[in-house]
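Here is the structure we will look at, set down as structure tokens.
Note that ligands are numbered from 1 as they come in the structure, with each ligand's atoms numbered from 1 the same way. Please read these numbers as outputs of a predicted model, since none were measured by experiment.
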Amino acid sequence: MKEKPEQSRRSFIKKLTTTTAAVAAGTSLFASESTVKPFAILKRQLGYTLNDQINIALIGAGGMGTQDTIVALQVPGVKLVAVCDLYDGRLNDAKTRWGADIFTTKVYKEILNRKDIDAVIIATPDHWHQQISVDAMHAGKHVYCEKPMVHAVTEGPAVIKAQKETGKIFQVGSQGVSSLGNEKAHDLLKSGAIGELNYAEGFWARREPLEVWQYPIPEDASTKTVDWETYISNTKKRDFDSKRFFRWRNYTDYGTGMAGDLFVHLFSSLHFITGSVGPNKIYASGGLRFWNDGREVPDVLLGTFDYGKTQAHPAFNLSLRCNFVDGTSGTTYLKLVGSEGSMDITWDKVTLKRNKTIGSDDPFYLDKLKKAGSGFAERKKMLPPEEIVFDAEKGYKGGPYDHMNNFFNAIRNNGKVTEDAIFGYRAAAPALLCNDSYYNNSPMFWDPEKMQTVKK
Ligand SMILES: NC(=O)c1ccc[n+]([C@@H]2O[C@H](COP(=O)([O-])OP(=O)(O)OC[C@H]3O[C@@H](n4cnc5c(N)ncnc54)[C@H](O)[C@@H]3O)[C@@H](O)[C@H]2O)c1
């Protein structure tokens, strides 16, 4: 039977006090009778035979595509057979890394036409995600597509339609969704650990040129080594510009700015943890403060998002901030705040902080109080711990591995993935609308259930 929030909050507190007693008695934290599962119980099952080989191809062999492929190849029974990229240097790197027998091409349709490929990883710049995803599913391939799922809000429905029509497994690459940290946060929120959710926030602080998208440009970059015409074939025609190719994140024709690059990860995690489908009002502010290198996107961005009450959660507000001129470089966090505490969430750790005043809910204390009569209320009480840190077990392979493993498991078992096209669109849309709000200088309204923008 589903517990009401108040009941589940009490049961969480009961577990917490039981646990405190267990610790005092020398037994392990959150012993087996606890509903708050230790990470050991959340270990992944293999669920398939290792002979069941899946052949993959990589489309877009830059930084993330290479990383995704390295992780994918750690999943037993996965083999890389082909790589597509528009720059010779990346194709040469792929052969050096994965062997000269890998098939390489600059034409992604040559990958899709091959019968020996079961699944593709799409890690091109954002403006190619939709078209290659749709073409790949129609060519019978399962798709792991990097985030954000699409480059513009209008592009989402086509991906959802292709997934429905083809029945292929389609997963977006926000790895946090599959991590132990997100799972634990989901369980804790459900068990009432922070009371009623009312606020969430996320933050990124960066400062170093490489972190803020000033990537090195290879010396041999030219139209001889780069297929520039294909690169811009689905967007505005321009003369070759190596910055627009190698530093694509800074330009709106190809990238989606801070919101599409970073906020989207937090929408994915937040929606997974809370069961939310998304916000209904989006407002952004920011500016270009420092990196005047020709970029078209802000280097400081603030977004506020209103989440309405649903069956899954109460109404709450979300605040996301990103600063590329921040001297505290390296800080990134996601925090959920409730009426009784808060959670700081990473992929392998959750730090739960509880209000000091929850002692009055301690069943031991309440029982003593009842038995002792009113005078007992003057007495100081035993308080449960104010902070509990849940850390992943040593040897945990991490969210990226779990995410790839979930993708291949779904292919092998004809199963489902959490971060499918609908989930991916609901995470991408508020990020893209955040950009629209910034450029239009006005709030944007979104119906997260119907996945439609709303005119007011
Ligand atoms: N999940 C994450 O944590 C994460 C992290 C970084 C990047 N990403 C995403 O991964 C994608 C790639 O980012 P990156 O940092 O690897 O960029 P990158 O520039 O390092 O790599 C992109 C590659 O795509 C190639 N390319 C461009 N258009 C192509 C096309 N039409 N066909 C084939 N290849 C094409 C480029 O030549 C380049 O090698 C982006 O969508 C980004 O948002 C996700």
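- Looking at every heavy atom in both residues, R114 comes nearest to F103 through NH1-CG, 3.1 Å.
- Residue-ligand proximity, G173 to ligand 1, at heavy-atom distances under 4.0 Å covers atoms 1 (N).
- Closest to atom 13 (O) of ligand 1 among all protein heavy atoms lies W248 CZ2, 3.5 Å.
- In terms of polar-atom proximity, P148 is not counted as a contact of ligand 1, lacking any N or O under 3.5 Å from an N or O of the ligand.
- Those atoms of ligand 1 with a heavy atom of P125 less than 4.0 angstrom away are 22 (C), 24 (O), 26 (N), 27 (C), 28 (N).
- Ranking the protein heavy atoms by distance from atom 20 (O) of ligand 1 puts G63 N, 2.9 Å first.
- Taking any N or O of S174, backbone or side chain, none lies under 3.5 Å from an N or O belonging to ligand 1.
- Scanning all protein heavy atoms for the shortest distance to atom 25 (C) of ligand 1 gives D85 OD2, 3.3 Å.
- Distances between N or O atoms of H129 and those of ligand 1 include at least one value under 3.5 Å.
- Close approach to W128 involves these atoms of ligand 1, each under 4.0 Å from a residue heavy atom: 28 (N), 31 (N).
- Using a 4.5 Å heavy-atom cutoff, the side chains of W98 and T69 are in contact.
- For ligand 1 and G62, the ligand atoms under 4.0 Å from any heavy atom of the residue are 16 (O), 20 (O), 21 (O), 23 (C), 39 (O).
- At the shortest separation from atom 12 (C) of ligand 1 among protein heavy atoms lies A123 O, 3.1 Å.
- Counting the atoms of ligand 1 from 1 in the order shown, those under 4.0 Å from a heavy atom of D261 are 43 (O).
- For the pair D88 and K106, the salt-bridge criterion is met [side-chain N within less than 4.0 Å of a carboxylate O].
- Partner of W446 under the ring-ring contact (aromatic ring centres under 6.0 Å, His included) criterion, chosen from Y425, F305, Y307: Y425.
- Atoms of ligand 1 lying under 4.0 Å from at least one heavy atom of H265, given by number and element, are 1 (N), 2 (C), 3 (O).
- Closest protein heavy atom to atom 41 (O) of ligand 1: D126 OD1, 2.7 Å.
- Near F245, meaning under 4.0 Å from one of its heavy atoms, ligand 1 places the atoms 36 (C), 37 (O).
- Checked for salt-bridge contact, D253 and R238 meet the test: a charged N lies under 4.0 Å from a carboxylate O.
- Considering backbone and side-chain atoms alike, R249 places an N or O below 3.5 Å from some N or O of ligand 1.
- Checked by distance only, ligand 1 and Y231 stay at 3.5 Å or farther apart across all their nitrogen or oxygen atoms.
- In this structure, K141 does not pair ionically with D135, as no charged nitrogen and carboxylate oxygen lie closer than 4.0 Å.
- Residue K147 holds the heavy atom nearest to atom 43 (O) of ligand 1 of all those in H403, K147, E146.
- Nearest protein neighbour of atom 38 (C) of ligand 1, counting heavy atoms only, is R90 NH1, 3.3 Å.
- Salt bridge absent: D241 and K243 never bring a charged side-chain N and a carboxylate O closer than 4.0 Å.
- Shortest non-hydrogen contact noted between I111 and A57 is CG2-CB, 3.5 Å.
- Taking all heavy atoms of T124, I121, I59, D68 into account, the minimum distance to atom 11 (C) of ligand 1 is reached by T124.
- For R207 and F290, the positive end sits near the middle of the six-membered ring, less than 6.0 Å away and at most 45° from its axis.
- Shortest contact from atom 5 (C) of ligand 1 to any protein heavy atom: M64 SD, 3.1 Å.
- In this structure, F263 and F267 have perpendicular ring planes: the angle between them is above 60°, well past the 30° mark.
- Checked against the 6.0 Å centroid criterion, the rings of H142 and F407 do not qualify as a close aromatic pair.
- Each side-chain hydrogen bond (donor to acceptor under 3.5 Å, both in side chains) pair with one or both residues in residues 217-227, not counting sequence neighbours, appears once here: Y87-D220, D227-T230.
- The pair K147-D261 meets the salt-bridge criterion, since a charged nitrogen lies less than 4.0 angstrom from a carboxylate oxygen.
- Q175 NE2, 3.0 Å is the protein heavy atom nearest to atom 3 (O) of ligand 1.
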